[in-house]
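Data block below; observations after.
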Number of protein chains: 2
Amino acid sequence: MPKDNTETKHFTVDCPNRLLFAEIADKWSMMILSVLDTGPHRFNGIKRCLEGVSQKSLTQTLRKLERNGIISRTVRSTSPVAVEYALTPLGMSLLEPYRAIYSWTCTNLQKVNAARATYDSLQ
Amino acid sequence: MPKDNTETKHFTVDCPNRLLFAEIADKWSMMILSVLDTGPHRFNGIKRCLEGVSQKSLTQTLRKLERNGIISRTVRSTSPVAVEYALTPLGMSLLEPYRAIYSWTCTNLQKVNAARATYDSLQ
DNA sequence: AACCATTAGTGCCTAATTGAAACTAAGTCT
DNA sequence: AGACTTAGTTTCAATTAGGCACTAATGGTT
């Protein structure tokens, strides 16, 4: 019996949901969304809000989010050129599920810390 | 004016929520949770459900989830030793927010694909 | 005019993470 | 004995991520 028939594959390697999931469920994407939740921001404005992002990582993540239609990028030909990033309606719809995860971390941080302490004391 | 007073830091590098978020918001963790959502599984049972996981990545992710109190690991001293992984109550509470993200990917995959096509055609 | 700061990035290099493949060790089946 | 299962660990290669320096255009200061 090589395979249990109750074991169904949940995600194949080419599953589009899995691929999309991997693109939106990373820390920088989620943190950028939470910044843009407070209104449109410029490149360095986002950078200042997010301690520890390199320009390179920020650029890459913003491009990825833009490609996926989650944020918009508008260049204003002002004094020094201004690039404004804002949530699209699609991006706004992502905020709700994100908030659910974020609030889970807030309400359960104590329990997780307790679990970690227990686990570490047994090693 | 070096810094805009409307720009508040959202996540500092040592923010516990941010650290916890980074631990639970990765693809393998989420996929393992969705497998265990259907009931307890053994190591190789999970591996068979998740196409493309290496033993190493699976072991590492399972350990991390166990340390955070999200899954339990019980060794049964049967024929070839059986190790059963199951969701803890804390892990079950994580499923709801996760489902919100997952269902977002399902309902918005088409929109994302359309956005990608538009973006790619302009490059 | 020279100098410095800001804007939004890009490029190089190194460090960290991930993954694939082989190996371990204990037990079952034929 | 030999093959196969269990649940991993180890080793090495490849991909990815991050730090730092650099660019180019514009504005203000001295």
Side-chain angles (χ1 to χ4, degrees), chain A residues 1-4 7 11-14 18-19 21-32 35-36 40-67 71-86 123, chain B residues 1-4 7 11-14 18-19 21-32 35-36 40-67 71-86 123:
Chain A
M1 181 166 50
K3 197 176 289 189
D4 184 352
E7 288 175 359
F11 299 97
T12 56
V13 280
D14 58 347
R18 168 169 161 177
L19 296 172
F21 193 84
E23 290 219 347
I24 62 171
D26 68 293
K27 59 174 188 172
W28 291 131
S29 295
M30 290 307 200
M31 287 195 249
I32 288 170
V35 171
L36 294 183
H41 280 70
R42 298 169 59 176
F43 185 87
N44 281 322
I46 300 172
K47 190 171 179 302
R48 276 188 293 268
C49 290
L50 259 39
E51 198 175 26
V53 227
S54 64
Q55 279 108 321
K56 188 188 159 189
S57 302
L58 185 54
T59 304
Q60 285 176 340
T61 310
L62 288 169
R63 289 281 183 282
K64 191 181 66 181
L65 291 172
E66 186 196 356
R67 190 174 105 93
I71 62 172
S72 63
R73 176 181 181 273
T74 30
V75 181
R76 304 201 186 287
S77 306
T78 52
S79 51
V81 66
V83 179
E84 191 178 84
Y85 292 96
Q123 300 311 309
Chain B
M1 181 166 49
K3 198 176 291 188
D4 184 351
E7 288 174 2
F11 299 97
T12 57
V13 281
D14 58 346
R18 169 169 161 175
L19 296 172
F21 193 85
E23 290 220 347
I24 63 170
D26 67 293
K27 60 172 187 172
W28 292 131
S29 296
M30 289 308 198
M31 288 196 248
I32 289 170
V35 170
L36 295 183
H41 281 68
R42 298 168 61 176
F43 186 86
N44 282 321
I46 300 171
K47 190 170 178 303
R48 277 188 293 267
C49 291
L50 259 41
E51 199 175 27
V53 227
S54 64
Q55 278 109 321
K56 186 189 159 189
S57 302
L58 185 55
T59 304
Q60 285 177 340
T61 310
L62 287 169
R63 290 279 184 286
K64 190 181 67 179
L65 291 172
E66 186 196 357
R67 190 174 104 94
I71 63 172
S72 62
R73 177 182 181 273
T74 30
V75 181
R76 305 202 186 287
S77 306
T78 51
S79 51
V81 67
V83 179
E84 191 179 84
Y85 291 95
Q123 300 311 307

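Proteins get letters first, then strands, A, B, ... in listed order; numbering begins at 1 in each. Because only heavy atoms are used, hydrogens play no part in the values below, and waters and symmetry mates are left out as well, while side chains stay in.
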Rounded distance in Å - [atom1] ([X]) to [atom2] ([N]):
X       : N      : atom1 : atom2 : answer
A:Leu62 : C:dT10 : CG    : C1'   : 15 Å
B:Asn44 : C:dT28 : CG    : C1'   : 16 Å
A:His41 : C:dT7  : NE2   : P     : 13 Å
A:Lys47 : D:dC20 : NZ    : P     : 11 Å
A:Arg48 : C:dT7  : CZ    : C1'   : 10 Å
B:Leu58 : D:dA7  : CG    : P     : 10 Å

Look only at the side chain of B:Thr59 and the backbone of B:Gln55, and say whether a donor-acceptor pair between them is shorter than 3.5 Å.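 Looks like yes, one N/O pair under 3.5 Å.
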Excluding sequence neighbours, so at least two apart, what forms salt bridge (Lys or Arg N to Asp or Glu O under 4.0 Å) with [X]?
X       : result
B:Arg67 : A:Asp120
A:Lys64 : A:Asp26
A:Glu23 : B:Arg116
B:Glu51 : none

B:Arg42 side chain near D:dT5 phosphate (N/O to OP1/OP2, under 4.0 Å):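 Indeed not, no polar side-chain atom of B:Arg42 lies that close.
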Can you see if the side chain of B:Arg73 gets near the phosphate of D:dA7 - specifically, an N or O under 4.0 Å from OP1 or OP2?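 It does not, given that no N or O in the side chain of B:Arg73 lies less than 4.0 Å from OP1 or OP2 of D:dA7.
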Would you mind telling me which of B:Leu65, B:Ile24, B:Leu62, B:Ile71 makes a side-chain contact (heavy atoms from CB on, under 4.5 Å) with B:Ser29?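 Going through the options one by one, the only one that passes is B:Leu65.
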From D:dT9, C:dG9, D:dA7, pick the nucleotide closest to the side chain of A:Val83?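 Of D:dT9, C:dG9, D:dA7, C:dG9 is nearest to the side chain of A:Val83.
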Ignoring the backbone of B:Pro80, work out which of D:dT5, C:dG9, D:dT9 is nearest its side chain.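 Of the candidates, D:dT5 comes closest.
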The criterion is side chain to side chain contact (heavy atoms under 4.5 Å, CB included); which residues satisfy it with A:Pro40, sequence neighbours excluded?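 With sequence neighbours excluded, A:Pro40 shows a side chain to side chain contact (heavy atoms under 4.5 Å, CB included) to A:Glu84, A:Ala86, given in chain and number order.
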I'd like a table of atom pairs between the protein and nucleotides 18-24 of chain C - only N or O on both sides, under 3.5 Å - with the distance next to each one.
residue: C:dG19; atom: OP2; partner: B:Trp28; partner atom: NE1; Å: 3.1
residue: C:dG19; atom: OP2; partner: B:Ser57; partner atom: OG; Å: 3.1
residue: C:dG19; atom: N7; partner: B:Lys56; partner atom: NZ; Å: 3.3
residue: C:dG19; atom: O6; partner: B:Lys56; partner atom: NZ; Å: 2.6

What contact category does B:Arg76 fall into here, base, sugar-phosphate, or nothing, at under 4.0 angstrom with non-hydrogen atoms?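 No contact.
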